[in-house]
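In the text below, chain A, chain B and the rest are named by the order of the sequence lines, each starting its count at 1.
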There are 2 protein chains.
Amino acid sequence: MTIRTGPARTPRQVQILEKTLELVREGGLAHVTTKRIAERVGFTEAAIYRHFPTKQALILGLMDLLEDMLVEPIRAIAGDGSLSVRQRLEAIVRHHTTLVREQNSLPILLLAEASVSEDPALLGRMRSIFHDYLSVLEGLVREGQAQDEIVQAPEADCLALLLLGAPAALAIRHRLFPDARAEDRFEHSLIPHLVSSLDLNPGRKA
Amino acid sequence: MTIRTGPARTPRQVQILEKTLELVREGGLAHVTTKRIAERVGFTEAAIYRHFPTKQALILGLMDLLEDMLVEPIRAIAGDGSLSVRQRLEAIVRHHTTLVREQNSLPILLLAEASVSEDPALLGRMRSIFHDYLSVLEGLVREGQAQDEIVQAPEADCLALLLLGAPAALAIRHRLFPDARAEDRFEHSLIPHLVSSLDLNPGRKA
DNA sequence: CGGAGGTAAGTGAATGGTCACTTACTTCTC
DNA sequence: GAGAAGTAAGTGACCATTCACTTACCTCCG
């Protein structure tokens, strides 16, 4: 689907991207300046430009990382035929919430700030990532719906959006009120409830 | 709960805040500069400082507007005894989605950008708004749970967060792929489904 | 009535700070 | 000795904020 025009990063590029991601985790894209990146890596601002042509290119590199962390894994889960649709949906939502907790709400920070970016390349990249994510969910939901006879349920795209909403809301709260205990409960009790409430799979037909 | 230390705005202050809100709707908080505000209002940058002591104070004024648009109305809905808990929850989620559509995802933009702000006053204000919003939802959910015997359902705070997730996800998609038709469907088919899936109210007990 | 004094609201031109980015020069390694 | 990787010291653009000053209006007093 998305063509991987091989990043083929040098080790130094990878290091720069990782340090930059660290900055984003701490304070969002707005917090990322060439000066701060250089500080983290341990060299001067000018050195950045030996490895990336512009800051824009560097930020676009972050989007590749986001795709690797968020979209690629859920694509893999969605294609895992050994699991039921419901199990796969649950695994996807769980993957997303785990990522949110490990990466300090990184996905929604990148998303929110890229969505108001003046840079059309960044905006387009974000659109594509978001679209791919929702497509995977929507495809799975459709698959689940096809196994059942339920027709009056909400449309697949609405349900897919709802499945995105759970980790999104968790991410927002995690930013403002991090609370590992509450987040554990969210993972263990809410996600199964959410997925089963979709009314997709057999077991409720009787 | 939240003490309204009366803003008591002059007409000019209100005008400035409205124009600033316009800028936020277009490109987020990062897009707001004193120059752009002045352009919108039709005077010079310096004139802003006749009406607000600092830009920070102006931005905090935006948070008051957000509270008026988002938190106050849902508080009113939550206290409306003529509706069932389920009807009230549905009305709240619907109010939020309507606001998101009318204001171009304003709430989540303010939230995301304030959550990474270096300004502790702004961060604190955002925390308080977010907390109040979730408290209203959580209180209602608890009220609904008390009417039933269901105990194994997810905890009230998890369900409240889920109810926030729906408009949040809609807001994100609205930013990247605005689609009035899809958003109508979301409002008309997903919200009722979501609220009824909470398993709060009678009618399902049999 | 008329002018003196006060004030709210505006202006143009600066201020110092930060931003992304560039240039000319060095240093290290194969 | 050449190219990759680094540096110090800039560049102009933009940022929030301040400054001295003007304008229009109000009020009060003889």
Considering only NZ, NE, NH1 and NH2 on the basic side and carboxylate oxygens on the acidic side, decide whether A:D184 and A:R101 come within less than 4.0 Å. yes

Does this structure show an ion pair linking B:E26 with B:R40, if we count only N-O contacts that are shorter than 4.0 Å? yes

CG of B:L58 versus C1' of D:dT17: gap in Å, rounded? 14 Å

Cationic N near anionic O, under 4.0 Å, B:R36 to B:E39: no

Would one find a side-chain N or O of A:H51 under 4.0 angstrom from OP1 or OP2 of D:dG6? yes

Atom-pair distance (CD on A:E118; C1' on D:dC14), nearest Å: 13 Å

Look at the side chain of A:R50 and decide which nucleotide, out of D:dT7, C:dT11, D:dC15, has an atom nearest to it. D:dT7

pair B:Y133-B:I129: side-chain heavy atoms closer than 4.5 Å: no

Measure from CD1 on A:I16 to P on D:dG6 and round the result to the nearest Å. 8 Å

Side chains of B:S117 and B:D119: do they bring a donor and an acceptor to under 3.5 Å? no

Residues of residues 35-48 of chain A with a heavy atom under 4.0 Å from any atom of DNA chain C, listed by number, are A:E45, A:A46

Round to the nearest Å and state the distance from A:F52 atom CZ to D:dA5 atom P. 12 Å

Measure from the side chain of A:Y49, starting at C-beta and using heavy atoms only, and say which of D:dT18, C:dT22, D:dG6 lies closest. C:dT22

By nearest nucleotide on DNA chain C, pick out whichever of A:T33 and A:P53 is the more 5' one. A:T33

Check this for me: does any side-chain nitrogen of one of B:E183 and B:R173 sit under 4.0 Å from a carboxylate oxygen of the other? no

Whole-Å distance separating the NE2 atom of A:H31 from the P atom of C:dA20: 12 Å

Whole angstrom is fine here: how far is it from CD in A:Q15 over to C1' in D:dA5? 13 Å

Could you tell me how far apart B:K55 (NZ) and C:dG17 (P) are, to the nearest whole angstrom? 19 Å

Any idea which of D:dA20, C:dC21, D:dG6 is nearest the A:T54 side chain? C:dC21

Closer than 4.0 Å, any side-chain N/O of B:R12 to the OP1 or OP2 of C:dG10? yes

I'd like to know whether A:Q145 forms a side chain to side chain donor-acceptor pair (under 3.5 Å) with A:R142, so could you lay out the CA-CA distance, the side-chain angles of the two residues, the decisive distance to 0.1 Å, and finally the verdict. CA-CA 5 Å; A:Q145 283 175 330; A:R142 268 185 219 290; 5.1 Å; no

